[in-house]
Number of protein chains: 2
Amino acid sequence: MVESNGDGPARADARRSLAALLQAAKEVFSVSGVDAPVRMIAEKAGVGVGTVYRHFPQRSDLIVAVFRNEVDACANAAPVLAAQCPPGEALDRWLQRFIAFVATKRGFAAALHSGDPAYEPLPNYLLDRLAPALGGLLSAAAAAGKVRADVEPVDLLLAIARLAAPDDTGGLTAQSRRMLALLFDGLRLPPGAMWG
Amino acid sequence: MVESNGDGPARADARRSLAALLQAAKEVFSVSGVDAPVRMIAEKAGVGVGTVYRHFPQRSDLIVAVFRNEVDACANAAPVLAAQCPPGEALDRWLQRFIAFVATKRGFAAALHSGDPAYEPLPNYLLDRLAPALGGLLSAAAAAGKVRADVEPVDLLLAIARLAAPDDTGGLTAQSRRMLALLFDGLRLPPGAMWG
DNA sequence: TTAGATACGGAACGTTGTTCCGTTTTGCAA
DNA sequence: TTGCAAAACGGAACAACGTTCCGTATCTAA
């Protein structure tokens, strides 16, 4: 069953199953895509299919949970990087991490546009969670004079999401790399240098 | 079996089955989406599933055939409209038809991005088939002074395809309508009035 | 009309998402 | 520690799907 509090299930075995399922699903999805059979995930988690459906009443619930988990991990990386690196480098490394996240989520992207209402809130979840994370890094980098100060985090996230097209091997297209490089050069320009 | 010549199967019953299947699939897809079961299409066509797979070895082949059929119908409408209406009106009515086509193809759009290589040539097929059709209408309208002469058919097709987002009821979003209206106003402006 | 090729129908197979229920595990109280 | 009710588990079973197979029906050419 899905719990409303953040502590997960009350019983220890249920907590173990849930953690094993999320981990197994993440690995299976990254290898076989989001269309991988539920049984495969159950087997990898060392769990019966009944247990999968106890925790995630529908297959899409599992997909949503894994997606949100990975978004959260990406968001949580921001303060860690901010504490470890100087502002400019923290921003760079976080952007690389976000690009990698977007590039490996091809299967998810197809699911998002499948019309299933279960996936409808996911894009907003991503923006709500990552925009503040990126916003902090941007402010710090701007204060250090590394980037301009007039860039909206949401705009940058969406632009990257649209430009980061993965190739067949899981890496980025050469074209994607060039477009992203262009975008990031723009980040360092003074505002309105071209059109203002 | 898929024939290479344009006449379809040699035997009369096979031709009947093929026509009934394409018609039934078109109707079923428009009502239930492209994920509709093959059996449902076979039943609507008054045909067994074996016959479906004789004509379309894979389910995706049926989807591709219906898609191409509808693209062809859209392309063929251009010369008909050009013969029936004055140039400006012919262009308007064809654009409306193309918008309707795009708006009702939500399910197809998801299939296109599913990663299945069977759908990979479809976008180019659409452009190759519709760009000349639209090109003729555009030239005629430009010659009549109804629209500017420097618009590439492909650009216009792609722009419409990206802007025409259907709502839940099958109609166009109000936002889509506004954006398309803007685009079409731009069609009537002299070239480069704003940025030149 | 007949014979051979072609096409047909639908039962059957393998794979999937999901449900069901007998069994096991867990936490708490006696 | 032990007993017990609630919670969770496992996997067989179900339904729906894409696809295959083959005995039967239909067509065309002679």
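We name chains A, B, ... by the order of the sequence lines, and we start the count at 1 in each one. Because only heavy atoms are used, hydrogens play no part in the values below, and waters and symmetry mates are left out as well, while side chains stay in. In this text the structure is predicted, and so the values were computed from the model without any measurement.
- Taking the salt bridge (charged side-chain N to carboxylate O under 4.0 Å, His left out) definition, one finds that Lys146(B) meets it with nothing, sequence neighbours left out.
- Both Val71(B) and Val154(B) sit in one connected hydrophobic cluster of ILVMFWY residues. Membership requires side-chain heavy atoms under 4.5 Å apart, directly or through other members.
- Contact check, His55(A) against dA8(D): no side-chain N or O comes under 4.0 Å of OP1 or OP2.
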For this session: Assign a letter to each nucleotide of nucleotides 23-30 of chain C from its 5' end: B, base within under 4.0 Å of a protein heavy atom; S, sugar-phosphate only; -, no contact.
Result: --BSS---

Quiz: residues 122-137 of chain B side-chain donor-acceptor pairs under 3.5 angstrom, not counting sequence neighbours:
residue   : atom : partner  : partner atom : Å
Tyr125(B) : OH   : Asp72(B) : OD1          : 2.6
Tyr125(B) : OH   : Asp72(B) : OD2          : 3.2
Arg129(B) : NE   : Asp72(B) : OD1          : 2.8

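- Within the structure, salt bridge (Lys or Arg N to Asp or Glu O under 4.0 Å) pairs that include any residue of residues 75-96 of chain A comprise Glu89(A)-Arg93(A), Asp92(A)-Arg188(A) (at least two apart or interchain).
- Distance Arg59(B) CZ to dT16(C) P: 17 Å, rounded to the nearest Å.
- Annotation: proximity of residues 20-37 of chain A to DNA chain C (heavy atom, distance under 4.0 Å) is found for Ala36(A), Pro37(A), numbered in ascending order.
- Legend: residues meeting salt bridge (charged side-chain N to carboxylate O under 4.0 Å, His left out) with Asp13(A), ordered by chain and number and at least two apart, are Arg11(A).
- Look at CZ on Arg54(A): it is 11 Å from C1' on dA6(D), rounded to the nearest Å.
- In this structure, the ring pair (Phe, Tyr, Trp, His ring centres under 6.0 Å) partners of Phe108(A), at least two apart in sequence or on a different chain, are Phe67(A).
- The phosphate of dG17(C) (OP1 or OP2) has no side-chain N or O of Gln58(A) nearer than 4.0 angstrom.
- Near DNA chain C, meaning a heavy atom under 4.0 Å from it, residues 38-48 of chain B has Arg39(B), Gly46(B), Val47(B), Gly48(B) in order of number.
- Scored by the salt bridge (charged side-chain N to carboxylate O under 4.0 Å, His left out) test, Arg15(A) finds no partners at all (sequence neighbours excluded).
- Atoms OH and CZ, on Tyr53(A) and Arg59(A) in that order, are 7.5 Å from each other to the nearest 0.5 Å.
- Sorted pairs that involve residues 76-86 of chain A and meet salt bridge (Lys or Arg N to Asp or Glu O under 4.0 Å), not counting sequence neighbours, are lacking altogether.
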Residues 173-185 of chain B side chain polar contacts: donor-acceptor under 3.5 Å, at least two apart:
residue   : atom : partner   : partner atom : Å
Thr173(B) : OG1  : Ala165(B) : O            : 3.0
Ser176(B) : OG   : Leu163(B) : O            : 2.5
Ser176(B) : OG   : Ala165(B) : N            : 2.8
Ser176(B) : OG   : Ala165(B) : O            : 3.4
Arg177(B) : NH2  : Leu172(B) : O            : 3.2

Side-chain polar contacts of residues 19-45 of chain B - donor-acceptor pairs under 3.5 angstrom, sequence neighbours left out - could you list them?
residue  : atom : partner  : partner atom : Å
Gln23(B) : NE2  : Glu27(B) : OE2          : 2.5
Ser30(B) : OG   : Glu27(B) : O            : 2.9

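- Taking 4.0 angstrom as the limit, Thr51(B) places a side-chain polar atom (N or O) nearer than this to OP1 or OP2 of dG9(C).
- Atom CG of Leu62(B) is separated from atom P of dC17(D) by 16 Å (rounded to the nearest Å).
- For Ser17(B), no side-chain nitrogen or oxygen approaches OP1 or OP2 of dA7(C) to under 4.0 Å.
- Considering only side-chain atoms of Tyr53(B), the nucleotide from dC9(D), dT20(D), dA12(D) that sits closest is dT20(D).
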